[in-house]
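FYI, the numbering just counts along the sequence from 1.
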Amino acid sequence: MVKPLISVIAGSKSDEKIVNEVISTLRELGIEHEVQYLSAHRNHLQLEEYVKKSEAKIFIAIAGMAAHLPGFIASITSKPVIGVPVSGKLQGLDSLLSMVQMPRGFPVATVGIDMGSNAAILAAQILALSDEELASRLKQWRKEKYGWMEL
């Protein structure tokens, strides 16, 4: 069995649309991943145990409303955490601010509201720094999908 490079964690099944966008992009790029639904509020002990045992290199955390999930993960690991704020009652502004306003020493890289694909691409870019094959696939994929040309 291949170890997942990326762990996608959502706080609720209601975030499944964004989860599906992330995993669709990761599949297109051929990146091994796993998905968990664990809440920082309802399952914090399970979440902590999972994160500490995970062999993933990067965590993508998807959360709406108070959006404590990415910050909680960042507080218990030194691995990169990418937050995806989810739109809700305040059009996702509450989620966005809770991710980008993390205290010094506990960063959460944050993409745009509901932008699961950008989280997957950012994670791929991080991994590609030490994986030439992935870097090549990523460049080709972006060219085909978005007409991107590297300068």
Side-chain angles (χ1 to χ4, degrees), residues 1-135 137-138 141-142 145:
M1 184 173 174
V2 178
K3 294 179 187 176
L5 295 172
I6 299 173
S7 175
V8 180
I9 305 173
S12 169
K13 280 281 195 180
S14 65
D15 301 327
E16 195 164 38
K17 178 182 177 194
I18 307 300
V19 170
N20 289 338
E21 185 179 326
V22 172
I23 61 176
S24 174
T25 302
L26 293 174
R27 283 183 182 143
E28 288 178 25
L29 292 168
I31 299 173
E32 293 295 327
H33 59 279
E34 62 186 8
V35 176
Q36 295 287 321
Y37 289 90
L38 294 166
S39 167
H41 301 107
R42 295 180 298 274
N43 312 96
H44 68 278
L45 295 176
Q46 288 174 278
L47 176 58
E48 181 176 13
E49 181 180 344
Y50 169 75
V51 169
K52 287 183 175 181
K53 289 182 178 179
S54 177
E55 294 186 40
K57 294 185 181 291
I58 301 171
F59 293 96
I60 295 177
I62 302 164
M65 296 175 25
H68 291 112
L69 181 64
F72 180 81
I73 295 169
S75 77
I76 59 175
T77 186
S78 60
K79 296 175 182 177
V81 178
I82 301 170
V84 182
V86 177
S87 57
K89 292 182 182 179
L90 299 176
Q91 287 78 46
L93 186 59
D94 48 346
S95 303
L96 176 67
L97 292 175
S98 73
M99 292 180 198
V100 299
Q101 294 296 329
M102 287 296 296
R104 185 170 274 113
F106 302 93
V108 172
T110 307
V111 297
I113 297 166
D114 295 334
M115 294 295 288
S117 61
N118 273 356
I121 295 166
L122 179 56
Q125 290 173 319
I126 294 168
L127 292 172
L129 291 171
S130 60
D131 183 335
E132 289 183 28
E133 182 183 322
L134 175 58
R137 281 197 324 264
L138 178 59
W141 179 85
R142 285 178 74 185
K145 186 139 182 133

With rounding to the nearest 0.5 angstrom, report the [atom1] to [atom2] distance, [X] to [Y].
{"X": "Ile121", "Y": "Ile126", "atom1": "CD1", "atom2": "CD1", "answer": "12.5 Å"}
{"X": "Leu47", "Y": "His41", "atom1": "CG", "atom2": "NE2", "answer": "11.0 Å"}
{"X": "Ile6", "Y": "Leu127", "atom1": "CD1", "atom2": "CG", "answer": "5.0 Å"}
{"X": "Asn20", "Y": "Arg27", "atom1": "CG", "atom2": "CZ", "answer": "8.0 Å"}
{"X": "Leu69", "Y": "Ile62", "atom1": "CG", "atom2": "CD1", "answer": "9.0 Å"}
{"X": "Ser7", "Y": "Glu55", "atom1": "OG", "atom2": "CD", "answer": "11.5 Å"}

If only atom types and distance count, is the side chain of [X] paired as donor or acceptor with the main-chain N or O of [Y] below 3.5 Å?
{"X": "Ser117", "Y": "Thr25", "value": "no"}
{"X": "Glu32", "Y": "Lys3", "value": "no"}
{"X": "Lys52", "Y": "Ile76", "value": "no"}
{"X": "Asp114", "Y": "Ser87", "value": "yes"}

Can you find a pair of side-chain heavy atoms, one from [X] and one from [Y], that are under 4.5 Å apart?
{"X": "His33", "Y": "Ile23", "answer": "yes"}
{"X": "Tyr50", "Y": "Ile9", "answer": "yes"}
{"X": "Leu38", "Y": "Val51", "answer": "no"}
{"X": "Gln46", "Y": "Gln36", "answer": "no"}

For the residue pair [X] and [Y], what are the closest heavy atoms and their distance?
{"X": "Pro85", "Y": "Val111", "result": "CD-O, 3.3 Å"}
{"X": "Ala63", "Y": "Asp15", "result": "CA-OD2, 4.1 Å"}
{"X": "Ile82", "Y": "Val108", "result": "C-CG1, 4.4 Å"}
{"X": "Ser54", "Y": "Glu34", "result": "OG-OE2, 4.1 Å"}
{"X": "Ala61", "Y": "Val81", "result": "CB-CG1, 4.4 Å"}
{"X": "Thr110", "Y": "Met99", "result": "OG1-CB, 3.4 Å"}

Between Arg142 and Gln125, does a side-chain contact (heavy atoms from CB on, under 4.5 Å) hold up when you go through it step by step?
CA-CA 11 Å; Arg142 285 178 74 185; Gln125 290 173 319; 3.1 Å; yes
Walk me through it: do Asp94 and Met65 pass the test side-chain contact (heavy atoms from CB on, under 4.5 Å)?
CA-CA 6 Å; Asp94 48 346; Met65 296 175 25; 4.2 Å; yes
Residues, nucleotides or ligands: over 12 heavy atoms within 6.0 Å of Met102 CE:
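Yes, the 6.0 Å shell around CE holds more than 12 heavy atoms from other groups.
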For Lys57, does the NZ atom have more than 12 heavy-atom neighbours from other residues, nucleotides or ligands under 6.0 Å away?
no
Are Arg137 and Glu133 ion-paired here, with the side-chain N under 4.0 Å from a carboxylate O?
yes
